[in-house]
Every structure is written in C-alpha cells, then in structure tokens.
Amino acid sequence: ESDHRKIWQLICDNWYLMRATPTGIWLKDELADVFGITDKMNSANAQAIYDAIDEKLKSPEFQPRQLFKSFNIEVLATTDAATDTLKYHTAMRESGFDGRVVPTFRPDAVVNIDMDGWRANIDLLSEVSGVTVNDYASYIQALEQRRQFFKSMGATATDHAALTAYTEVLSDADAEAIFQRAMNGTATAEDAERFTGHMLIEMARMSSEDGLVMQLHVGSLRNHNPIIMERYGRDMGADIPIRSEFSKNLKPLLERYGNASDLTLVLFNLDETTYSRELAPLAGHYPILRLGPPWWFFDSWMGMHRFLDAVVETAGIYNTAGFNDDTRAYPSIPTRHDVWRRAVSDWLARQVVRGFLDIEDASEMVRALSYDLAKQTYNLE
C-alpha cells in the first residue's frame with residue numbers, strides 16, 4: 001500500500017495492538033507533546049488526526065530546522081556508509097545552518113565480506129578514497145583515508161554491526177589471502193567471520209590513533225523471515241536477537257587495546273542475559289569499555305529498569321554511555337529521551353527510598369545518565 005491515508009487508517013484500526021508497548025508510549029507522547037493532539041487514536045478519528053498532523057507539518061514552526069531549535073538539540077549524528085561522499089553534510093554547512101549535525105563512520109558494507117554487493121562497494125571505496133584497492137594493504141589505506149575525511153567533516157564516532165562479538169588477530173598474510181578470496185568471490189563463511197573479527201581489532205587500532213569513538217552493535221540475526229526478505233528486500237524487518245558471548249570473543253581485542261588510554265569502545269547488545277554476567281564486569285574492569293544504553297528490543301520502560309538493575313551494581317553508572325537513541329522518526333526525539341529520563345528518575349528514586357542513595361547523589365546521577373555521560377563518551381564537550 002502506498003496511500004499514506006490508508007496506511008494511517010490501518011494503524012489506527014489496529015492501534016489496540018500497541019497497548020503497553022514502547023511504540024504505544026512513544027507515539028502517544030509524541031502526538032501530545034509535539035503536535036498537541038491528545039485524542040486517543042481509533043478507527044473513527046483516524047482521518048481527523050491525520051489532517052491535524054498534516055496541517056502541523058506544513059506550518060513554518062514544524063520545518064526540520066525549526067524543530068531542531070525547538071527540540072533544543074545540541075548534536076545530531078547521522079550514520080553514513082564508509083563510501084558516502086557526505087554531500088548533504090557539505091550542503092548543510094554551505095546553507096548557513098548553524099545546528100551541529102555530524103556524520104558517523106559506518107564501514108560494515110566494505111568490512112563484512114559476506115554482505116550483498118561487497119565487491120561493488122570495494123570499487124566505490126577506491127573511487128571515493130582515491131586509493132586503488134587491489135590488496136589488503138591498499139584496502140586499509142583507503143579505510144584510513146575515509147576515516148580522516150569523516151573526521152574533517154565533524155565525525156566523533158564510528159559504528160560497527162556484527163552478528164557476534166568475535167575478534168581474531170590475523171597475520172598480514174592470512175588477511176591478504178582472505179581479502180583476495182573475497183575479491184575473487186570464493187570466500188567462505190569462515191573467512192567472513194574471521195575477517196570481520198580481525199577488522200574489528202583493526203578498527204580499534206585506528207580509533208586509538210585518530211580518536212574516533214568506536215561503537216559495536218552485536219546480536220541481531222537479520223532478515224529472519226524469508227517472505228519479508230523476498231517481498232521487501234534486506235533489513236526491512238524480521239530481525240531477531242540471538243544469544244551472545246563477549247568475555248571470550250572480545251579477549252583478542254581487549255588484550256591489545258583494553259587498557260589503552262586513548263580509545264573508547266561502546267558496546268550495545270541484544271542478549272540482555274549478558275548484562276550482569278559479562279558486560280558489566282568487563283566494563284567495570286577495562287578502561288576502554290562503556291556500555292551503551294538498552295538498544296532496540298530493550299529500548300523500553302521495563303528494559304531500561306532491567307538494564308540498570310543488571311549493570312549498575314558491578315559497573316556503576318560512570319562506565320555507561322548514558323543515553324543516545326537511534327530513532328529514524330525525527331519528531332520522536334524528545335519523547336525517546338524523555339522516556340529514558342523518566343525511567344532513570346524512577347529507578348534512582350527507588351534507591352533513595354531504600355536508603356542506598358541520598359537526594360544529592362541521585363540528582364547528580366540522573367543528570368549524568370541523561371546528559372553528561374553521552375557528551376563525555378562521544379567527545380562532544
């Protein structure tokens with residue numbers, strides 16, 4: 001269906017399905033706080049609400065740059081492929097817009113050799129970097145060039161997605177052999193796992209040199225439903241969490257860089273059983289590690305409480321990254337952050353009532369978790 005009104009009607013017809021879910025909380029609060037619409041969504045008023053939203057979006061105060069100001073956004077980061085020319089960032093700069101919008105370096109499409117289109121993306125990497133990529137050494141050189149370009153455009157971080165947290169140090173000869181098999185289309189699944197694991201360590205090495213904060217998102221088995229994949233293509237839904245392991249998988253990376261003073265690695269995960277068992281002890285020990293906020297399936301009121309219950313006693317709050325959200329829905333930004341602030345305030349209030357904290361400490365901690373830690377983690381001071 002491509003008719004927006006029909007899509008909205010379908011949503012409202014089935015809105016009861018969203019009761020007590022994060023989507024239900026976010027959209028209800030967004031309509032009320034951003035659009036001033038307090039009517040409960042249902043079949044009967046679907047088109048009236050649609051018209052009210054449409055009217056607001058056409059008004060001057062709802063233009064994107066005005067919302068940037070009214071939302072009091074200090075920094076907004078986009079996520080961009082390593083091969084992106086960042087032409088829209090350049091255009092924004094040249095337009096005179098004074099809001100801080102920065103890119104984030106996302107190299108998955110040229111690192112994960114089992115991704116569709118990897119070989120074509122290597123050709124594009126050659127084109128945009130000015131480095132002819134024909135072997136492993138030139139490949140590393142091209143990636144380093146792109147990172148420097150992103151940094152010159154204001155980037156403070158990189159972002160990496162992997163099925164697991166597996167890392168492995170390959171010799172230059174092994175890395176070259178796998179790279180050439182990938183270039184020739186003969187790489188195996190084992191090659192892909194080993195190469196991605198090796199490149200995560202290489203990216204940590206690069207971050208220790210250029211200062212870009214490294215983010216690692218682990219644990220999503222993507223495109224689980226073949227019907228969705230066939231009908232709509234990759235990454236259009238049906239992404240399901242899997243069991244993850246960090247203590248052994250990250251050890252090769254941490255042996256090299258875990259105690260570095262010039263590197264920050266933020267970990268995000270979809271297996272919350274690892275929070276207290278592995279992630280909190282690891283972050284409590286290794287200086288480079290910070291725990292990202294509960295992500296995706298756990299970016300929810302109860303998920304946030306479970307996260308804090310699981311990690312704070314071992315890692316404390318100052319080994320977390322505070323809160324950053326990855327919404328694609330621009331008007332939802334205030335709501336997403338407000339849910340986190342309310343959840344954190346509620347959790348800290350419970351600790352005050354129990355006598356574990358006093359009001360002064362809890363007040364400092366809620367500010368840190370909501371604001372200060374994210375700025376510190378991502379070098380946004």
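Thr320 places no side-chain N or O within donor-acceptor distance of the main-chain N or O of Leu291, the cut-off being under 3.5 Å. The backbone N or O of Asp114 sits nowhere less than 3.5 Å from a side-chain atom of Asn112 that would complete a donor-acceptor pair. Distance alone, capped at 3.5 Å, places no donor-acceptor pair between the Asp191 side chain and the Ile178 backbone. In this structure, Asp54 contributes its side chain and Tyr50 its backbone to no donor-acceptor pair below 3.5 Å. The main-chain N or O of Asn249 is found under 3.5 Å from a side-chain atom of Thr167 such that the two form a donor-acceptor pair. Under the 3.5 Å distance criterion, the side-chain polar atoms of Asn184 are matched with a main-chain donor or acceptor of Gln180. Using modelled atom types, no side-chain atom of Thr156 and backbone atom of Asn379 make a donor-acceptor pair closer than 3.5 Å. At distances below 3.5 Å, at least one donor-acceptor pair connects side-chain atoms of Tyr330 with backbone N or O atoms of Phe68. Within the 3.5 Å criterion, the main-chain N or O of Val339 finds no donor-acceptor partner in the side chain of Trp301. Side-chain N or O atoms of Ser345 include none that pairs as donor or acceptor with a backbone N or O of Arg342 at under 3.5 Å.
Looking at Asp159 and Thr104, their side chains never bring a donor and an acceptor atom within 3.5 Å of each other. Ser138 and Asp135 are linked by a side-chain donor-acceptor pair at a separation below 3.5 angstrom, with hydrogens and angles left out of the test. Checking Gln145 against Gln141 by side-chain atom types alone, no donor-acceptor pair falls below 3.5 Å. A donor-acceptor contact under 3.5 angstrom links the side chains of Ser332 and Thr327, judged on distance only. For the residue pair Asn134 / Thr132, no side-chain donor-acceptor distance below 3.5 Å is found, with atom types taken as modelled. Side-chain contact of Tyr136 with Asp172: a donor-acceptor pair under 3.5 Å is absent, judged by distance alone. Side-chain atoms of Asp80 and Thr78 form a donor-acceptor pair, as typed in the model, at a separation below 3.5 Å. Side-chain atoms of Asp239 and His224 form no donor-acceptor pair, as typed in the model, at a separation below 3.5 Å.
Salt bridge Arg147/Glu144: absent, no basic N to carboxylate O contact under 4.0 Å. Ion pairing between Lys375 and Glu74 holds under the 4.0 Å rule for side-chain N and carboxylate O. Residues Arg341 and Asp346 are not paired through a salt bridge, judged by the lack of any N-O separation under 4.0 Å between the basic side chain and the carboxylate.
Rounded to the nearest 0.5 Å, atoms CG (Asp39) and NZ (Lys28) are 11.5 Å apart. To the nearest 0.5 angstrom, Leu212 atom CG is 11.0 Å from Thr264 atom OG1. Atom CG in Asp338 sits 12.5 Å away from atom CD in Glu30 (nearest 0.5 Å). Rounded to the nearest 0.5 Å, atoms CZ (Phe71) and OG1 (Thr335) are 8.0 Å apart. Glu127 CD to Thr85 OG1: the interatomic distance, rounded to the nearest 0.5 Å, is 10.0 Å. To the nearest 0.5 angstrom, Asp326 atom CG is 5.0 Å from Arg328 atom CZ.
For the pairing with Ser244, the side-chain hydrogen bond (donor to acceptor under 3.5 Å, both in side chains) check across Asp271, Asn269, Thr274 returns one residue only, Asn269. For the ring pair (Phe, Tyr, Trp, His ring centres under 6.0 Å) with Trp340, the lone residue among Trp26, Trp347, Phe323, Phe298 that qualifies is Phe323. With Thr158 as the partner, the side chain to side chain contact (heavy atoms under 4.5 Å, CB included) test is satisfied by one option alone out of Gln215, Met214, Lys151, Arg106: Met214. The only option from Ile113, Ile140, Val110 that meets the side chain to side chain contact (heavy atoms under 4.5 Å, CB included) definition with Met199 turns out to be Ile140. Looking at Arg306, Arg243, Arg277 one by one, the single match for salt bridge (Lys or Arg N to Asp or Glu O under 4.0 Å) with Glu272 turns out to be Arg306.
Environment of CZ in Arg256: sparse, with no more than 12 heavy atoms of neighbouring residues, nucleotides or ligands closer than 6.0 Å. In this structure, Glu364 places its CD atom where more than 12 heavy-atom neighbours from other residues, nucleotides or ligands lie under 6.0 Å away.
Of all heavy-atom pairs between Leu263 and Tyr257, the closest is CD2-CB, 3.7 Å. Nearest approach of Ser276 to Pro281, heavy atoms of both residues: O-CD, 3.4 Å.
For the pair Trp8 and Met41, the minimum side-chain heavy-atom distance is below 4.5 Å. Using a 4.5 Å cut-off on side-chain heavy atoms (C-beta onward), Met203 and Leu143 make contact. Side-chain contact between Val111 and Tyr139 is present, with at least one heavy-atom pair separated by less than 4.5 Å. Residues Asn42 and Asp13 form no side-chain contact, since every pair of their non-hydrogen atoms from C-beta on lies 4.5 Å or further apart. With a 4.5 Å cut-off on side-chain heavy atoms, His198 and Arg194 do not count as touching. Residues Leu57 and Phe35 are in side-chain contact: their nearest non-hydrogen atoms beyond the backbone lie under 4.5 Å apart. Using a 4.5 Å heavy-atom threshold, the side chains of Thr164 and Phe246 count as separate. Using a 4.5 Å heavy-atom cutoff, the side chains of Ile240 and Leu270 are not in contact.
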Working for side-chain contact (heavy atoms from CB on, under 4.5 Å), residues Ile317 and Met365: CA-CA 8 Å; Ile317 72 164; Met365 292 169 74; 3.8 Å; yes
Give the intermediate values and the outcome of salt bridge (charged side-chain N to carboxylate O under 4.0 Å, His left out) for residues Asp309 and Arg350. CA-CA 11 Å; Asp309 283 341; Arg350 296 183 186 189; over 6 Å; no
Could you check Ile333 against Leu67 for side-chain contact (heavy atoms from CB on, under 4.5 Å), going step by step and ending with a plain yes or no? CA-CA 10 Å; Ile333 292 174; Leu67 287 178; over 6 Å; no
Verdict with supporting geometry, Val311 and Leu279, side-chain contact (heavy atoms from CB on, under 4.5 Å): CA-CA 8 Å; Val311 306; Leu279 291 179; 5.7 Å; no
CA sep, side-chain torsions, deciding dist, call: Arg336, Asp299, side-chain contact (heavy atoms from CB on, under 4.5 Å): CA-CA 9 Å; Arg336 297 283 290 267; Asp299 184 4; 2.7 Å; yes
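Phe195 and Phe179 have tilted rings, their planes meeting at an angle from 30° to 60° on a 0 to 90° scale.
Neither Val101 nor Tyr378 shares a network with the other; the hydrophobic side chains, linked directly or stepwise wherever heavy atoms of I, L, V, M, F, W or Y lie under 4.5 Å apart, form separate groups for each. Residues Leu17 and Met302 fall into different hydrophobic clusters, defined by Ile, Leu, Val, Met, Phe, Trp and Tyr side chains chained together at heavy-atom separations under 4.5 Å.
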Identify all side-chain donor-acceptor contacts of residues 91-100 below 3.5 Å with residues at least two apart in sequence or on another chain.
from, atom 1, to, atom 2, distance (Å)
Arg93, NH2, Met153, O, 3.0
Ser95, OG, Arg65, NH1, 3.2
Ser95, OG, Arg65, NH2, 2.9
Ser95, OG, Met92, O, 2.7
Ser95, OG, Phe97, N, 3.4

